[in-house]
Amino acid sequence: MSTAPLAGLDACFEGVIPSILATTSAAGVPNISYLSHVVQVDGVHVALSNQFFSKTASNIRENPRAALLVVDARDGTQYRLDIRYAESRDSGAVFEQVAAQLQASSAQVGMAEVMKLRAVDVYRVESVQRLPHPDEPVPAAAADSADRLGLAAALSERLAEQVELEPLLDTLLDGLARDFGYERVLLLLGDAQGRLVAVDSRGYPASGIGAELLPGEGLAGRAARGKRLLKSSDLSRVRRFASAIRDTPDPAREIPLPALPDAMSQIAVPLVAGGRVQGVVFAESRRRYAFTRQDEAALALLARQLAAAIRVVEHGDGELAPARADRDTAADGPPCRLRHHLADDSVFIENEYVIKGVPGRLLVFLVERMLQEGRREFTNRELRLAPALGLPDIKDNLETRLLLLRRRLAERQLPLQLERPGRGRILLRVAGRVLVEHLP
Amino acid sequence: MRLDDDLATFLQSPVMIIIGSHDAAGQPQVGRGHGALVDAVAGVVELLFSRWLWPGTAGNIAANGAIAVTFARPRDYAAYQIKGKATLLVPEPRHVQAAAAYDDAIRAALGAQGIPPPLIASWLSDRDPVVARIAVAEAFVQTPGPRAGLALEPTA
């Protein structure tokens with residue numbers, strides 16, 4: 001009988017291939033069922049979520065011994081674990097981890113309530129046995145042996161070189177897309193209301209810049225709300241599993257974000273600094289098991305570094321000379337019409353929707369200053385200090401707002417563009433005279 | 001117990017088959033089945049599995065006969081569990097044919113769900129086949145959800 005340490009079985013706990021649990025009642029009647037979630041607690045404990053199979057629960061109270069069969073998602077190798085029930089937990093880190101994972105995966109298919117977790121059962125692993133393989137052992141095809149932490153260290157070094165928000169975000173996204181080989185990456189930053197806004201992406205047909213996610217919505221929203229990394233390694237399985245529970249799942253919600261319709265794997269990593277969630281890095285793939293534990297570890301480190309760097313950028317504008325008060329002479333193109341709706345600060349330029357909320361207010365403020373004072377260059381500092389903006393929440397996220405605004409204007413190729421000539425500086429570039437109209 | 005025709009059909013369709021048993025000390029054991037033949041009227045399920053891959057399961061059944069088997073459809077997780085007493089038999093040609101047909105069908109069904117053939121291959125073996133002849137005493141709905149664990153009434 002060969003044995004393998006639990007520590008080497010990460011790929012068995014990805015939820016890709018269902019695990020199997022056998023128990024026996026005191027009267028000697030076996031029970032056998034599939035399990036939706038098995039979590040590796042530490043080197044010698046696993047936790048099982050068992051929302052539905054009450055026979056298992058009652059058997060375990062009578063006879064604490066159980067057998068667990070887990071499958072390595074990469075090559076199908078089966079491991080048989082003899083386990084012994086230790087305790088149930090309805091709170092604490094392990095419970096929260098399982099509950100969040102379960103909620104996240106089930107909420108994606110509209111099943112959050114049905115899948116509500118009551119408790120997790122923690123078992124001690126008494127022995128591990130690798131089962132023989134009927135054929136020749138298959139090489140672990142899906143496993144990417146790339147040194148994720150090594151890549152992360154190199155990327156971290158490049159991030160540390162950046163002093164402004166935009167190159168900082170670009171460095172991260174480019175690194176994840178190019179070095180890590182992630183097919184789709186999306187970066188969302190938070191606003192004061194808890195919404196997440198897409199600020200940039202890689203790999204999607206449309207960038208999705210400016211798209212919003214409500215608090216707690218989707219895997220990214222849940223990761224932000226729980227300040228926790230969340231991962232789904234086999235979405236098709238979640239979908240199938242959910243359809244078995246309810247005959248008529250909710251109609252698919254349309255989320256105005258870039259999305260991979262046939263994604264198999266997703267990972268969402270919150271950007272946490274100073275105890276606050278600044279945003280989320282989200283990646284998805286058509287491959288099953290696309291994100292390993294190494295990816296989790298690497299992304300967690302990079303996300304924290306990025307969050308801390310964003311905080312630094314947002315809290316210091318640097319020592320700057322005052323903005324130049326040049327008269328604008330370049331605006332000799334056709335006039336450009338800007339419509340500002342006061343109800344939600346949405347802004348339309350030439351009848352094309354640009355942005356709403358705080359970035360919209362900022363744009364209008366900048367344009368009106370330009371018209372009143374005849375200058376095109378501004379500083380972050382004067383925006384922060386401008387009473388006319390009346391924005392208490394702007395302090396923390398000014399750079400993010402400006403970035404969003406700048407990218408939206410650039411993406412739509414509008415006659416009004418925003419540039420950043422230097423740290424803490426903003427330059428409005430207009431093709432012609434701007435006509436501002438305020439509407440309710 | 002006599003089995004419903006629909007249930008009998010389901011048990012013989014391309015479904016994943018998992019086997020629970022236990023030894024004299026009450027230690028449970030997991031195994032996987034490799035096809036089944038059902039006599040609905042007699043309430044008997046003849047289950048094939050590889051003694052080479054699942055020696056503990058074979059030993060347990062030979063020792064005490066207690067068995068539980070869950071059949072789950074890969075497409076939608078619809079599942080039923082049967083429980084009863086089993087005896088071990090040497091496979092007859094009809095069993096071997098059933099196992100071969102099952103092997104083809106389940107590989108296709110799992111493949112249709114996007115599970116790569118090399119993974120499937122690690123769970124299915126026709127090496128050293130045996131038959132567990134199960135007299136079904138109980139049957140349950142095992143499909144995940146509110147009805148999971150519901151006992152099926154014996155068919156009149």
Side-chain angles (χ1 to χ4, degrees), chain A residues 16-24 26-34 36 51-56 59 62-63 65-69 71-78 80-82 114-115 126 129 131-135 137-139 141-142 234 236-237 240-246 264 288, chain B residues 16-32 50 52-57 60 64-70 72-79 81-84 113-127 137-138 140 142-149:
Chain A
V16 176
I17 307 296
S19 303
I20 302 168
L21 183 73
T23 58
T24 298
V29 179
N31 194 79
I32 182 92
S33 63
Y34 282 107
S36 60
Q51 306 94 282
F52 303 119
F53 309 127
S54 58
K55 192 68 197 167
T56 294
N59 280 358
E62 295 175 9
N63 172 6
R65 294 159 179 251
L68 183 65
L69 189 89
V71 179
D72 187 314
R74 299 166 303 181
D75 60 11
T77 301
Q78 306 185 100
R80 174 237 165 117
L81 279 57
D82 283 349
V114 179
M115 294 277 216
E126 308 214 305
Q129 183 194 354
L131 297 190
H133 202 294
D135 304 330
V138 179
D234 186 352
S236 68
R237 178 171 170 245
R240 278 183 281 137
F241 199 70
S243 73
I245 299 164
R246 198 168 55 191
M264 281 290 186
R288 279 191 168 87
Chain B
M16 291 299 287
I17 305 172
I18 55 177
I19 309 168
S21 64
H22 63 80
D23 66 14
Q27 173 61 51
Q29 178 77 258
V30 175
R32 292 185 191 267
S50 163
W52 173 77
L53 198 49
W54 310 107
T57 298
N60 290 345
N64 60 50
I67 191 169
V69 188
T70 289
R73 188 159 57 195
R75 167 161 58 85
D76 57 4
Y77 282 79
Q81 181 168 207
I82 60 166
K83 297 186 179 186
Q113 298 303 322
I115 300 175
L119 263 71
I120 303 167
S122 60
W123 315 326
L124 301 173
S125 173
D126 55 6
R127 209 183 292 187
E138 300 171 288
F140 304 88
Q142 198 79 9
T143 307
R147 292 180 73 235

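In what follows, every chain begins at residue 1, and chains take the letters A, B, ... in the order their sequences are listed. It should be emphasised that the depicted structure is a prediction, and the values quoted were computed from it without experimental measurement.
Here B:Q27 is the residue among B:M16, B:H22, B:Q27 with the most heavy-atom pairs under 4.5 Å with chain A. With chain B as partner, the option from A:A66, A:P132, A:P30, A:A67 having the largest number of non-hydrogen pairs under 4.5 angstrom is A:P30. Residue with the most contacts toward chain A among B:G114, B:A72, B:S50: B:G114 (heavy-atom pairs, distance under 4.5 Å). Interface summary for chain A: among B:A25, B:G31, B:G56, the most heavy-atom pairs under 4.5 angstrom belong to B:A25.
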### Message
Please evaluate residues A:V71 and A:S19 with respect to the criterion side-chain contact (heavy atoms from CB on, under 4.5 Å), reporting the C-alpha separation (whole Å), side-chain torsions for both, the decisive distance (0.1 Å), and the verdict.
### Response
CA-CA 7 Å; A:V71 179; A:S19 303; over 6 Å; no
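Contacts of A:E62 classified as salt bridge (charged side-chain N to carboxylate O under 4.0 Å, His left out), with partners at least two apart in sequence or in another chain: none. By the salt bridge (charged side-chain N to carboxylate O under 4.0 Å, His left out) test, B:R32 is found to be paired with no residue, residues two or more places apart in sequence or in another chain being considered.
A donor-acceptor contact closer than 3.5 angstrom links the side chains of A:T23 and A:N59.
Contacts of B:A137 with chain A are absent, with no heavy-atom separation under 4.5 Å from either backbone or side chain. In this structure, the portions of B:T70 lying under 4.5 Å from any heavy atom of chain A include both its backbone and its side chain. With a 4.5 angstrom heavy-atom cutoff, B:Q81 touches chain A only via side-chain atoms. Looking at B:I67, the atoms closer than 4.5 Å to chain A (heavy atoms on both sides) all sit in the backbone: N, CA, C or O. Neither the backbone nor the side chain of B:I120 comes within contact range of chain A; no heavy atoms are under 4.5 Å apart.
Considering CD of A:Q129 and CG of A:L69, their distance stands at 10.0 Å, rounded to 0.5 Å. For the atom pair CH2 (B:W123) and CG (A:L131), the distance works out to 13.0 Å, reported to the nearest 0.5 Å.
Both tests hold for B:K83 against B:F140: distance to the six-membered ring centre under 6.0 Å, angle to the ring axis within 45°.
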